[in-house]
Number of protein chains: 2
Amino acid sequence: MAPTPIVDIHTHIYPTTYLTLLRSRTEVPYLLDLPNKSAPPRLIILPSDDDPALPAHQRGRPIDSSYSSINQKLDFMKTHDIHTSVISLANPWLDFLSPEEGYQWAEKVNNEIEDICSTSQNSLYAFATLPLSAPSRSIVAAIECLYLLPHMRGVVLGTTGLSQGLDDPALEPVWSALESAKLLIFLHPHYGLPSSVYGPRASEYGHVLPLALGFPMETTIAFTRMWLSGVFDRHPKLKVLIAHAGGTIPFLSGRVNSCVQHERHFPEHEYGGRGPKRDLKEVLRENVWLDAVVYSPTSVKAAVEIVGKDRVLFGTDHPFFPPLEEGREEWMSVETNVQAVTEAFGDDKQGVTKVLGGNAIELLELNVAGAG
Amino acid sequence: MAPTPIVDIHTHIYPTTYLTLLRSRTEVPYLLDLPNKSAPPRLIILPSDDDPALPAHQRGRPIDSSYSSINQKLDFMKTHDIHTSVISLANPWLDFLSPEEGYQWAEKVNNEIEDICSTSQNSLYAFATLPLSAPSRSIVAAIECLYLLPHMRGVVLGTTGLSQGLDDPALEPVWSALESAKLLIFLHPHYGLPSSVYGPRASEYGHVLPLALGFPMETTIAFTRMWLSGVFDRHPKLKVLIAHAGGTIPFLSGRVNSCVQHERHFPEHEYGGRGPKRDLKEVLRENVWLDAVVYSPTSVKAAVEIVGKDRVLFGTDHPFFPPLEEGREEWMSVETNVQAVTEAFGDDKQGVTKVLGGNAIELLELNVAGAG
């Protein structure tokens, strides 16, 4: 039996349309071209990046061609033996637009990404972007239009929802539309935590604290709020793929459950238990998938134990975390994650194949004919 | 062979001295007696508890006799077959005092706790409290005096240090004194995260979000800052026991490591690697112990994989998380944690015995003669 091909379900892109949008802006997020035309433009993505005291070439992060070039994405895939990638717009998506602008930009971005996929001979699929600043009927319309884009396999979603988080009752029509359309939600962080939590010396550690800790903590809070507010009680068929192996959910789910069981605020159900009607364990095994972007065999094992080995999916986070050494082709970040999956399963080769590709092929109905 | 006795290393108390201190205050934290004398006083522990719009009996949390009664602690131990407990003052310790007051209150509290332990026939030991608002020479003096208190086995420490967090260089004399005295630091959360991260509907979930997520996230950030700032490079013998199984460290350590390895801000060492000189994995296996207060076999396994099975220690978090049902003797929170340890080790009975008590007896040099 040929091994199942490798599928990367966590891989980002800033398509040309989106870079044009960012270039047209002067408020965060925006793209800043440097006087030195050979230097990559800077993406000012968070308010903390927008420091006028810093020279332009030190603000935000450099956005080189790897963020938009499909050829570089395909080369990267070839280097790492990745047969198929499910691409998604990188953060902060379209959250920042005015209600009027959201719908048309979502349409433009999704159409460009569909075009990219449709000329890729089945090596690229995508998660679409929603116009979350638009009125909810526009968001629902955008979801309903996605069936016209045959390479879309779900939607990428940040944690702010319509600005009040994912436990906002105003999101109900959006959850209903996603549930009916059977579209997977790829839940992804962007905002992190307020910078005060990192203390006055945080800048001495570069981006480590917000990236390594803020991102997964933001994700964990967002998902927990969804569960606590009953989203999965009202939408039992909703499917959520959570970035970075669920943030910290596999490790904290026992504590969350225990805190709910000991919280007087939640009355006990007639049938026992407190809090949301559907138990957290059940939701994690029936509504949740996790990527394996977690850089540790211990954490892959925890993820697999919590959601099941059919529900953990390999990803790279490309083009983030490139090698720092010049001229190195293989990415350490990718190798670490492949090794983590391999070590986590030990002798269970079938588990490795499922997580590296089989689960994604089945869940997202990917056409990988001729691969292997 | 008789099984090793069970030792509880995470169990709190508010001794009489401390309640007197809290009763004398009118600012957070303080203790509020209710007009109805039979109702327990309320502890207003966080600024968010201090809501004058709420009637007094709904502010903060009720502090019944289980928080201060040694007899109730001993009864609880008997019910759960716990032979020895290592008690510590519950948060927020003495962090809030003026520099002048800190030293004397630390002395009073530590002396009272030592008296409690010395009359307990070796069933109680303790972690001492430091006067962290005092000048660092007073903190060092307080540490040096602890050798006069024979039941003290370490110190309990919050995450704010001298107000700037645990990566503050001003803490150097404190780390040196703790390292020289070979005192274990029990690192424990209190402040959580800014409430904005829980969104506008947080109060609908009682205390679940700050307790279940804020506490472990605060702990994770505090420890990571210690490591990043080089505390363990400068103090290679420092010993830290991290509450709640390290917050989320066992799950996120791979990501933290990867972010450091991909952070241009840290120059590469001559011998390879980036960031602190001592690798995170090494520090976790040589300087860190974790409690097993994590309510999940998956998380106990992760903790054991990351620090080693000699370095995970059972705890209960008593008197927090009592049963909500009237008249129930066994605490579900305790049973969940005993079961998590038992399930995590499967057939490895020695592992279970070590985590439930053996590791604590060895690490803390507890006298448990006659037990078993």
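Computed over heavy atoms, backbone and side chain alike; hydrogens, waters and symmetry mates excluded. Just so it is clear, the structure is predicted and the values come from calculations on it, not from any experiment. By convention in this document, chain letters (A, B, ...) are assigned in the order of the sequence lines, proteins followed by strands, and residues within each chain are numbered from 1.
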Looking only at heavy atoms, what is the nearest atom pair of [X] and [Y], with distance?
| X | Y | result |
| --- | --- | --- |
| A:Thr298 | B:Glu305 | OG1-OE1, 2.7 Å |
| A:Glu263 | B:His207 | OE1-N, 2.8 Å |
| B:Val197 | A:Pro194 | CG1-CD, 3.3 Å |
| B:Phe251 | A:Phe251 | CB-CB, 3.6 Å |
| A:His265 | B:Ser203 | CE1-O, 3.5 Å |

Check whether any side-chain N or O of [X] sits under 3.5 Å from a backbone N or O of [Y] as a donor-acceptor pair, and report yes or no.
| X | Y | answer |
| --- | --- | --- |
| B:Arg255 | A:Tyr295 | no |
| A:His262 | B:Leu324 | no |
| B:Arg225 | A:Tyr198 | yes |

Can you tell which part of [X] gets under 4.5 Å to a heavy atom of chain A, answering side chain, backbone, both or neither?
| X | result |
| --- | --- |
| B:Phe320 | neither |
| B:Ala245 | both |
| B:Ser258 | side chain |

Name the member of [options] that forms the most heavy-atom pairs with chain B at distances under 4.5 Å.
| options | value |
| --- | --- |
| A:Ser296, A:Pro200, A:Gly206, A:Pro216 | A:Gly206 |
| A:Thr220, A:Leu228, A:Leu209 | A:Leu228 |
| A:His244, A:Gln164, A:Glu268 | A:His244 |
| A:Pro169, A:Ala340, A:Ala303, A:Ala202 | A:Pro169 |
| A:Ile306, A:Val256, A:Val293, A:Leu211 | A:Leu211 |

Heavy-atom side-chain proximity of A:Tyr205 to B:Ser229 below 4.5 angstrom: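 When only atoms from C-beta onward are counted, B:Ser229 and A:Tyr205 do touch, with a gap below 4.5 Å.
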Any side-chain heavy-atom pair of B:Gln261 and A:Met332 under 4.5 Å: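 They are in side-chain contact.
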Contacting region of [X] [heavy-atom separation from chain B under 4.5 Å]:
| X | result |
| --- | --- |
| A:Ile221 | both |
| A:Phe321 | both |
| A:Pro322 | backbone |

Side chain to side chain donor-acceptor pair (under 3.5 Å) partners of B:Thr159, counting only residues at least two apart: B:Glu218
Option in B:Ala222, B:Gly247, B:Pro297, B:Gly254 with maximal non-hydrogen atom pairs under 4.5 Å from chain A: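 Among the listed options, the one with the most contacts to chain A is B:Gly254.
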Option in B:Gly214, B:Ser299, B:Ser253 with maximal non-hydrogen atom pairs under 4.5 Å from chain A: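 It is B:Ser299.
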Enclosure of A:Glu329 CD (heavy-atom neighbours >12, cutoff 6.0 Å):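 No, not enclosed.
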Atom pair CG/CE of A:Leu213 and B:Met217 - distance to nearest 0.5 Å: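 The CG atom of A:Leu213 sits 10.0 Å away from the CE atom of B:Met217.
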